[in-house]
**Q** 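Okay, handing you the structure first.
Indexing begins at 1, ligand by ligand and atom by atom, following the structure's order. Numbers here are sequence positions counted from 1.
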Amino acid sequence: MRLLIMGPQGVGKGTQAAQLSEHYSIPAISTGDIFRYNLKNKTELGKEAGAYIEKGELVPDELTNRIVEDRLAKDDAKNGWILDGYPRNASQVEALDTILAKLGTPLDAVVALDAERGILLERMKKRAQIEGRSDDTPDVIAKRLDVYEKETAPLLKAYEERGVLVTVNGVGDISEIAHSIFDKLDAKTA
Ligand code: AMP
């Protein structure tokens with residue numbers, strides 16, 4: 001199973017990616033996590049990406065596309081994967097299409113999680129207290145949601161037109177949301 005999970009910051013993509021990872025025995029790959037790991041370990045990639053992340057802006061496509069291409073070529077991604085936080089703009093959609101065409105592994109489905117902005121802001125405030133992410137400050141959160149609305153949300157329409165989109169309400173019990181995703185995916189990919 002090769003999946004994307006999309007939706008605004010705070011909607012629970014990481015949580016549901018973990019559920020999908022376990023259910024389908026596929027790795028969950030988060031570009032945000034890869035960047036944060038590199039930031040923490042002060043790698044070259046971390047240094048290049050850091051300034052963008054701190055401001056809530058997108059890291060340049062060239063850098064981001066390269067890490068996704070490298071990650072999808074790894075052995076553990078041979079039988080499928082779930083990508084969380086990528087693609088985030090139209091040019092990344094194109095880059096992913098090219099990567100997948102090269103690998104000969106088409107996308108099975110795109111899961112879109114949905115929630116109102118008020119709920120997202122509340123959840124991110126809580127996450128900031130628990131995780132202490134440096135990009136979970138009020139200004140940066142607002143910026144990231146704006147970038148999502150402008151650059152990422154329009155991509156859902158493109159995937160809908162391709163017939164691969166399933167949309168699920170991201171508010172409620174974690175396991176109920178997960179089962180709703182599994183059911184819709186089973187119906188879609190049967
Ligand atoms: P996330 O944890 O997915 O919200 O990502 C945290 C930050 O990492 C984002 O605000 C961006 O600065 C950067 N980032 C993650 N994924 C991407 C992507 N696909 N393209 C560009 N920047 C990204």
**Q** Under a 4.0 angstrom heavy-atom cut-off, which atoms of ligand 1 come close to Tyr86?
**A**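 In order of numbering, the contacting atoms are 19 (N).
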**Q** Which of the atoms of ligand 1 are close to Asp135, meaning less than 4.0 Å from one of its heavy atoms?
**A**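 Matching atoms, with element in brackets: 6 (C).
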**Q** Distance to 0.1 Å, residue and atom name: give those for the protein heavy atom nearest to atom 23 (C) of ligand 1.
**A**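 Scanning the protein heavy atoms, the shortest distance from atom 23 (C) of ligand 1 goes to Phe35 CE1, 3.7 Å.
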**Q** Under 4.0 Å from a heavy atom of Thr31: which atoms of ligand 1 are those, numbered in the order shown and with their elements?
**A**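 Those qualifying, in numeric order: 15 (C), 16 (N), 17 (C), 19 (N).
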**Q** Ignoring hydrogens, just give me the one of Arg36, Arg144, Met124 whose non-hydrogen atom is nearest atom 10 (O) of ligand 1.
**A**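 It is Arg144 whose heavy atom sits nearest to atom 10 (O) of ligand 1.
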**Q** Are any of the heavy atoms in Arg133 under 4.0 Å away from ligand 1?
**A**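 Heavy atoms of Arg133 do come under 4.0 Å of ligand 1.
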**Q** Under 4.0 Å from a heavy atom of Glu57: give me the atoms of ligand 1 that qualify, with their elements.
**A**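 Matching atoms, with element in brackets: 11 (C), 12 (O).
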**Q** Using 4.0 Å as the upper bound for N to carboxylate O, is an ion pair formed by Lys102 and Asp97?
**A**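 Salt bridge: no.
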**Q** Charged N to carboxylate O under 4.0 angstrom, Lys126 versus Glu122?
**A**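 Salt bridge absent between Lys126 and Glu122.
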**Q** Does a salt bridge link Lys55 with Asp139, judged by any charged N lying under 4.0 Å from a carboxylate O?
**A**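 Between Asp139 and Lys55 there is no salt bridge, as every charged N stays at least 4.0 Å from the carboxylate O atoms.
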**Q** Nearest heavy atom to atom 1 (P) of ligand 1: which of Glu54, Glu151, Arg88 does it belong to?
**A**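 Considering heavy atoms of Glu54, Glu151, Arg88, the nearest to atom 1 (P) of ligand 1 sits in Arg88.
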**Q** If you measure from the Lys or Arg side-chain nitrogens to the Asp or Glu carboxylate oxygens, is any gap between Glu160 and Lys157 under 4.0 Å?
**A**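 Salt bridge: no.
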**Q** Any nitrogen or oxygen of Val59, main chain or side chain, under 3.5 Å from a nitrogen or oxygen of ligand 1?
**A**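 Min N/O separation from ligand 1 is below 3.5 Å for Val59.
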**Q** Check ligand 1 against Thr64 and write out every atom of the ligand that is under 4.0 Å from a heavy-atom position of the residue.
**A**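 With Thr64 as reference, the close atoms of ligand 1 come out as 18 (C), 19 (N), 20 (N), 21 (C).
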**Q** When you compare the side chains of Ser91 and Asp61, does any donor N or O come within less than 3.5 Å of an acceptor on the partner?
**A**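 On atom types as modelled, these side chains qualify, holding a pair under 3.5 Å.
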**Q** Between Asn79 and Tyr24, does any side-chain donor sit less than 3.5 Å from a side-chain acceptor?
**A**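 Short answer, no.
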**Q** For Leu3 and Trp81, run side-chain contact (heavy atoms from CB on, under 4.5 Å): C-alpha distance rounded to whole Å, both residues' side-chain angles, the deciding distance at 0.1 Å, then the answer.
**A** CA-CA 6 Å; Leu3 302 170; Trp81 34 260; 5.8 Å; no
**Q** Looking at Thr105 and Ala101, would you say the former's side chain and the latter's main chain have a donor-acceptor pair under 3.5 Å?
**A**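 Pair absent, no side-chain N/O of Thr105 close to backbone of Ala101.
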**Q** Just jot down the ligand 1 atoms closer than 4.0 angstrom to any heavy atom of Gln92, in number order.
**A**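 Listed by number with element, the hits are 18 (C), 19 (N), 20 (N), 21 (C).
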**Q** Give me the residue, atom name and distance of the protein heavy atom closest to atom 8 (O) of ligand 1.
**A**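 Scanning the protein heavy atoms, the shortest distance from atom 8 (O) of ligand 1 goes to Ile53 CG1, 3.7 Å.
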**Q** Is it the case that ligand 1 has an N or O less than 3.5 angstrom from some N or O of Asp33?
**A**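 Asp33 vs ligand 1: no N/O contact under 3.5 Å.
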**Q** Examine distances only and state if a side-chain atom of Lys184 and a backbone atom of Thr167 form a donor-acceptor pair shorter than 3.5 Å.
**A**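 Yes; judged by distance alone, with no hydrogens or angles, the pair exists.
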**Q** Between ligand 1 and Gly85, is the shortest N or O to N or O distance under 3.5 Å?
**A**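 N/O-N/O distance below 3.5 Å exists for this pair.
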**Q** Do any nitrogen or oxygen atoms of Gln9 lie less than 3.5 angstrom from nitrogen or oxygen atoms of ligand 1?
**A**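 For ligand 1, there is no N or O atom that lies under 3.5 Å from one belonging to Gln9.
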**Q** Looking only at atom types and distance, does a side-chain atom of Arg88 sit under 3.5 Å from a main-chain N or O of Glu151, one as donor and one as acceptor?
**A**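 Here the side-chain-to-backbone pair does not exist.
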